[in-house]
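What follows is one structure encoded as structure tokens, with my remarks underneath.
These numbers come from a predicted model, not from an experiment. Counting convention: from 1, in listed order, for ligands and their atoms alike. Just so you know, residue 1 is the first one in the sequence shown, and it goes up from there.
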Amino acid sequence: MLILVQVLILLHVGLWVLLGGETITPIEPSEGMEFVKNGVINAGTIFFALALISTWIFGRWFCGWGCHIVFLQDWCYALLRKFGIRPKPFRVRLLAWVPLALGLYMFVWPLFYRIALAPWLQPNLRWPTITTDLTTSNFWESFVTPLMAIPFLFICGFATVYVLGAKGFCTYGCPYGGFFAPLDRVSPMRVQVNDNCAQCGKCTAACTSNVRVHEEVHLHKMVVDSGCMKTMDCIDACPNQALSVGFTGIATGKKIARKTQKYDVSIAGEFGIAAVFLIGFFSFRGLYASIPMLMAVGMSLVSTWIIWKGVQLFKEQNVSVHRHQLKFHGKLKPLGKLALLFSFLTLFFVMQSGAVQLLGFAGDSAAKNGDVQRALSYYKLSGPMIDGGIGFSSNPNVDLAMSKIHEARGDLQEGERLLRRLNNFVGEDQRATMLLGQNLQLHRDPQFVQEFYLETLKVNTHWTLIWEDYIAWLRREGRRDDAIDASFTANSTNPNAPRLQIQWELLHQ
Ligand code: SF4
Ligand code: SF4
């Protein structure tokens, strides 16, 4: 089923790429945020609503039967086992609240803000009208770039499975799981046991969701752990046909067997781990305007685990990772030294990322208060090392803010340099190109500006904003005939662009 889901996703993307034009909006739960924020009902909203309702009836089935990230995690888990690595679950308490907190932030906070806070903070904020948006021509708009998708798959696949266990991302990072888990507790459908159970534990061994199946069925006659994704692996693994799935009763008030197990850190350690996770999350989220929320969660979870291992290497006599001994009787092994170095580097990376973000915020704040010199200093420091900053990359938002300040001060060359860097960063982007063109109009000779527009429009004939700017510039240059010719070409190639039509009419007045 999970392979089929992958095939359907590829088919959806493939048809959109090959055929172009309109397609169904992404069938992805995060798209539901558009509804709580802007009242837009898209395919993702409908899909997430159906997933929630069906979870209430059938339990947490979606994760095991329909989630592409679970497929990725299962595949990574199987691959790691092929190489003799048996990922163990990382057992902590506070991080288990991350999925619910994220889910509430994504889907409940926007509504809470509108209902409870906006009347005080933004009295003019209106409720959006409910609209539908079931098709799109820009399918990839809300997704990360393919370049960012590769580290995303690595972090949320191999890395989280290796350090947090088979369903590590589901347990500590998935915001949808934050809703599915409590709904599963009040769902009547669950794995149940008959009298054939011999307590052999094979069901528990087969479960990649870390459910203590044999203990739970012994205690409650059914599985009550909301980590159960109804994959039925335990049912297959049972040699006595003792397990089945059916409507058997809700799990409210029944203790999860996993909770009786030993945790990997002390209570004090839990708070330390939660603090490192939060610092990591806020340091990574939106870093270089590139890291989306879920990837920041994955990166922070993995970084937190690595830093925790480093702390263990300092404090404890014996430390191991899976089958590898890093420290034995107080003596660091060569692998332990490497792990310690890696842990230091990870800590440094988190702190450096946090500093980059803080400098960016400090720049925004100074710019808001009119202290542009200070803003420029902060922005520059948050930039890439090759440009005098402390970061690994530029940030297009920061480059835009800096270019505006330089342009306002008359330093148009520096503004151009930053806008060119912004353009290189974002790739083919109409708005970024428009800003660069507007800068060039202010200080480059007409020949240069003309070539810039002609080259851009030769490749991107559908960029109506660029056509508008180009035609308006020709008009301002006193080249009315050239403007009319350009407007004719623009309207011929973009017959449904009303602003270009208005421009055409105005040129003939
Ligand atoms: S193996 Fe059993 S307990 Fe584990 S997730 Fe699948 S159905 Fe649930
Ligand atoms: S595998 Fe079957 S018999 Fe063994 S503990 Fe699980 S339910 Fe009982």
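Nearest protein heavy-atom contact of atom 2 (Fe) of ligand 2 is Cys238 SG, 2.3 Å. The shortest contact between atom 1 (S) of ligand 2 and any protein heavy atom is with Cys203 N, 3.3 Å. Among protein heavy atoms, atom 4 (Fe) of ligand 2 sits closest to Cys200 SG, 2.3 Å. Of the protein's heavy atoms, Cys197 SG, 2.4 Å lies nearest to atom 8 (Fe) of ligand 2. Looking only at heavy atoms of the protein, atom 3 (S) of ligand 2 is closest to Ala198 N, 3.4 Å. In terms of protein heavy-atom proximity, atom 7 (S) of ligand 2 is nearest to Leu243 CG, 3.5 Å.
Here the NZ atom belonging to Lys37 is positioned 9.5 Å from the CZ atom belonging to Phe107, to the nearest 0.5 angstrom. The OG1 atom of Thr25 lies 6.0 Å from the CG atom of Asp133; values are rounded to the nearest 0.5 Å.
Listed by number with element, the atoms of ligand 2 under 4.0 angstrom from any heavy atom of Asn240 are 3 (S). Shown in contact with Gln199 at under 4.0 Å from a heavy atom are these atoms of ligand 2, numbered in order with element: 5 (S), 8 (Fe). Within the listing of ligand 1, atoms 7 (S) sit less than 4.0 angstrom from a heavy atom of Val191. Listed by number with element, the atoms of ligand 1 under 4.0 angstrom from any heavy atom of Met232 are 6 (Fe), 7 (S). Heavy-atom contacts of His214 reach the following atoms of ligand 2: 5 (S) (cutoff under 4.0 Å). When each atom of ligand 1 is checked for a heavy atom of Met229 under 4.0 Å away, the hits are 5 (S), 8 (Fe). Less than 4.0 angstrom separates some heavy atom of Ser209 from each of these atoms of ligand 1: 5 (S). Within the listing of ligand 1, atoms 7 (S), 8 (Fe) sit less than 4.0 angstrom from a heavy atom of Lys230. Counting atoms of ligand 2 from 1 in the listed order, those under 4.0 Å from a heavy atom of Pro239 are 1 (S).
Ring geometry for Phe62 against Phe47 counts as perpendicular: the plane angle is over 60°, on a 0 to 90° scale with 30° as the lower cut. Note on ring orientation: taking the six-membered ring where Trp is involved, the planes of Phe48 and Phe180 are perpendicular (angle over 60°, cut-offs 30° and 60°). Under the 30°/60° scheme for interplanar angles, the aromatic rings of Tyr162 and His322 are found to stand perpendicular.
Inspection of the Tyr113 and Gln122 side chains reveals an N or O donor paired with an N or O acceptor under 3.5 Å. Side-chain contact of Tyr379 with Asp364: a donor-acceptor pair under 3.5 Å is present, judged by distance alone. Between the side chains of Ser320 and Gln325, no donor N or O sits under 3.5 Å from an acceptor N or O. Using modelled atom types, one finds a donor on one side chain and an acceptor on the other under 3.5 Å when comparing Thr45 with Asn42.
Contacts with ligand 1 closer than 4.0 Å are made by heavy atoms of both the backbone and the side chain of Thr231. Neither the backbone nor the side chain of Ala237 has a heavy atom within less than 4.0 Å of ligand 2. Within the 4.0 Å heavy-atom criterion, neither part of Asp225 lies near ligand 1. Heavy atoms from both the backbone and the side chain of Cys234 come within less than 4.0 Å of ligand 1.
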Query raised in the report: Could you walk me through whether Asp399 and Arg421 pass the salt bridge (charged side-chain N to carboxylate O under 4.0 Å, His left out) check?
Result: CA-CA 8 Å; Asp399 281 350; Arg421 188 163 80 182; 2.7 Å; yes
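Note on ligand 2: Val213 sits outside its first shell, no heavy atom being nearer than 4.0 Å. Between Val217 and ligand 2 there is no heavy-atom distance shorter than 4.0 Å.
Under a 3.5 Å cut-off, the side chain of Gln357 and the backbone N or O of Ser283 do form a donor-acceptor pair. Judged by distance alone, with hydrogens and angles left aside, the side-chain atoms of Thr132 form no donor-acceptor pair with the main-chain N or O of Ile41 at under 3.5 Å.
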